[in-house]
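Let me begin by presenting the structure, written as structure tokens, before commenting on it.
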There are 2 protein chains.
Amino acid sequence: MKADRSRPQRGRPPTLRDVAAYADVSMMTVSNVINERTARVSEQTRVRILAAIDKLGYRPQRSARGLRMQREYAIGLTIVRPDRRFLDDPYVTEVAAGMSNRLAAAGYGLMVNGVTDVDGLKALLTHASNVDGLAVMASGPRPGREEVYRLLERLHHPLAIIQDDMAGLADTCCFIQDDETGARMITEQVIAAGARTLLFAAPDHLWPAVERREAGVRAAARRRAKVMRIGCNEADFQGSIATILAAFERRGVPDAVVGANDQIGIAAIHAAMQRGLVVPDDLMVTGFNAFPFRQFSGPLISSMRSPAYALGEAAAVGLLSRIDGEGFETTKQVLPVVPAEGVTIRMCRETL
Amino acid sequence: MKADRSRPQRGRPPTLRDVAAYADVSMMTVSNVINERTARVSEQTRVRILAAIDKLGYRPQRSARGLRMQREYAIGLTIVRPDRRFLDDPYVTEVAAGMSNRLAAAGYGLMVNGVTDVDGLKALLTHASNVDGLAVMASGPRPGREEVYRLLERLHHPLAIIQDDMAGLADTCCFIQDDETGARMITEQVIAAGARTLLFAAPDHLWPAVERREAGVRAAARRRAKVMRIGCNEADFQGSIATILAAFERRGVPDAVVGANDQIGIAAIHAAMQRGLVVPDDLMVTGFNAFPFRQFSGPLISSMRSPAYALGEAAAVGLLSRIDGEGFETTKQVLPVVPAEGVTIRMCRETL
DNA sequence: CTGAAAGCGCTAACAC
DNA sequence: GTGTTAGCGCTTTCAG
């Protein structure tokens, strides 16, 4: 009868029972080996079971273990962005990679989803797979983001909000970089280099981080420089250049364009070139985040370096410890932003 | 006793049983409503159950359904790349977004994982969650890639290989774009514009697509132009520029640099500028894939447009139909590559 | 149209 | 150090 049980049925993957029968031990012993409860299994048995597992090509079935343990062994990452190519943004991909790597080390999977708006999110929640916790990156105006977070809050699993500082949500922790300080720092450099009129160029489809960067820019400029603001369609690079050129036309060329991110800063560099302006001599330009693509444009844009990958790691670690423990340790985690070298700010007067 | 069962126990999410008790029907009826077997439930009952689901905040538990149905409701996407930031490559993110969107529509999740090499993959397979099917994008020399695919083949679930043309694997379908034809087309343009010496600049960490592009370049050049080849460290943009400049120094400036992708083509543009060469008058440059970032560099690089997003969709559709049906319909699926406008190829002689 | 019973693969708790 | 029992939440089957 041993032979009877030791042969997995054709077409069905081997189960714990098959391994146990093959190695001639109980299922529990196999389970103990798999879960590295080494104290409870003799070395000899362990080796034999490992061999059986390898021989049969056994892999534990997540759904069965999950049902028993009341865990899905998965964390979701949901992006709310108008573009269905929701991973085109390097910020998103850095966060996702950081999360995925940390989660994989703990035996968890990362499930990524993109939705274009709140209705898309509702549809997703109807059909989407369960997870043990959720990270979310939402763009757009604040009321829409709040609706997104409240929908997710109702799911009753731990929530990590990435790059939005939103208080008052149950079982939620916000993971943000210090955009305001970063924007203040780089704007102060520009002002120290002599700029008195600044053009803050933001994407017209807002990310919450942009709001904080604008606050930092205005804080640095207070009583020292004048700040104008325009919105660009980030999805249309040539259009962004045109928007910036139009702003030059209408309100004159400022001393500096402070881009809400590198993409827009680079658009400003292109706009300057098309007008025959030399960067940084005639016009200074700054960006934000310093992801590798900024090198493609010349001259290299002065920027602030984002800890996006580390933010993803932090969110993963936070969610995992929340799942194992009782609650988030804090309600907010802030990572610093540091200067990234570039050549689109003139040397400071002090430095000269 | 109804009240007894209708109240979900505190701290435990509501189950089908809770919903059934609350709506005063059997569990099966609730299940039928959820799975839209509308024929078997009266409209009245359906509405009542839907209300109960909403009231209780019930969400079906994936692991339980999965155990019963022998499905994980998840597809894996595994990237084999030396960089732990495995999503930095726009090709990968387009594929991932295409897959994720298609899978979500079918109620499946996409689990993304990155590993740096074969050992990382082995470690991942030990701990990673089960899936119903797997897509893989592997880089590096061919023997290593073959080892990757064979490891995954042993998992005994359907496998979608993205951008590698590898025959002879069980239950596997390759999804590739027609890189060879695309490379031949763009190289022919360059030759028609008068180029006789070509420098094919490839990343030194190979992607399989690059092999096909090189074949296309050489096919176009046969008996008409001479092809040299260099490898650049793609992770180091400044280093790539230096490598290209060194090649100019050592072997003379070619008529055209044919980049294996846009990143490398853009590095060639920077190299040309640093040497005072005008593109395309003194040196033509081409790239490949035409993802949005190519606009950041000026002049706009002439390229071929990749259907990467569609490739991801195709892989998702193929895997899903394979899971539901009996086998992959084909063993390979090839998507076309079309020209993307740019200004780094001189006008053709014929055109002038 | 609805209900009852059985079991998917796994592990905690408790024997031995 | 190893075995037994019970049950996680869901759906298929079959009986009303």
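To find a chain, count down the sequence lines: A is the first, B the second, and so on, and within it residues start at 1.
- Remark: side-chain polar atoms of B:Ser100 are paired, donor with acceptor, to backbone N or O of A:Val112 under 3.5 angstrom.
- B:Arg65 has a side-chain polar atom (N or O) that falls below the 4.0 Å cut-off from OP1 or OP2 of D:dT11.
- Side-chain proximity of B:Met27 to the nucleotides D:dT12, D:dC10, C:dT11 is greatest for D:dC10.
- Between the side chain of B:Asp89 and the backbone N or O of B:Tyr91, at least one donor-acceptor pair lies under 3.5 Å.
- Look at A:Ser26 and you'll find a side-chain N or O under 4.0 angstrom from OP1 or OP2 of D:dG3.
- Atom CZ of residue B:Phe175 and atom CD of residue B:Gln163 lie 12.0 Å apart, to the nearest 0.5 angstrom.
- Remark: B:Tyr58 is in phosphate contact with D:dC10, judged by side-chain N or O atoms under 4.0 Å from OP1 or OP2.
- Here A:Arg37 lies in heavy-atom contact (under 4.0 Å) with sugar-phosphate atoms only.
- For the 3.5 Å distance criterion, the side chains of A:Gln61 and B:Glu72 fail to qualify, holding no donor opposite an acceptor.
- For the pair A:Ala64 and A:Met69, nearest-nucleotide mapping onto DNA chain C gives the more 5' position to A:Ala64.
- The shortest distance between the side-chain N/O atoms of B:Ser42 and the OP1/OP2 oxygens of C:dC1 is not below 4.0 Å.
- Within a heavy-atom distance below 4.0 Å of DNA chain D, the residues of residues 44-54 of chain A found are A:Thr45.
- Residue A:Arg62 holds its CZ atom at 10.5 Å from CZ of A:Arg59, rounded to the nearest 0.5 Å.
- Between the P atom of D:dC10 and the CZ atom of B:Arg62 lies a distance of 13 Å, rounded to the nearest Å.
- Residues A:Thr38 and A:Met28 each lie close to DNA chain D; by heavy-atom proximity, the contact nearer the 5' end of the strand is made by A:Thr38.
- A:Asn35 comes within 4.0 angstrom of sugar-phosphate atoms only, judged by non-hydrogen atoms across all strands, and of no base.
- Between D:dG1 and A:Thr29, no contact under 4.0 Å exists linking OP1 or OP2 to a side-chain N or O.
- The phosphate of D:dG9 (OP1 or OP2) has a side-chain N or O of A:Gln70 nearer than 4.0 angstrom.
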Step by step, would you call B:Phe86 with B:Thr116 a side chain to side chain contact (heavy atoms under 4.5 Å, CB included)? CA-CA 8 Å; B:Phe86 59 90; B:Thr116 54; over 6 Å; no

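- Other residues, nucleotides and ligands contribute over 12 non-hydrogen atoms within 6.0 Å of the CD atom of B:Gln70.
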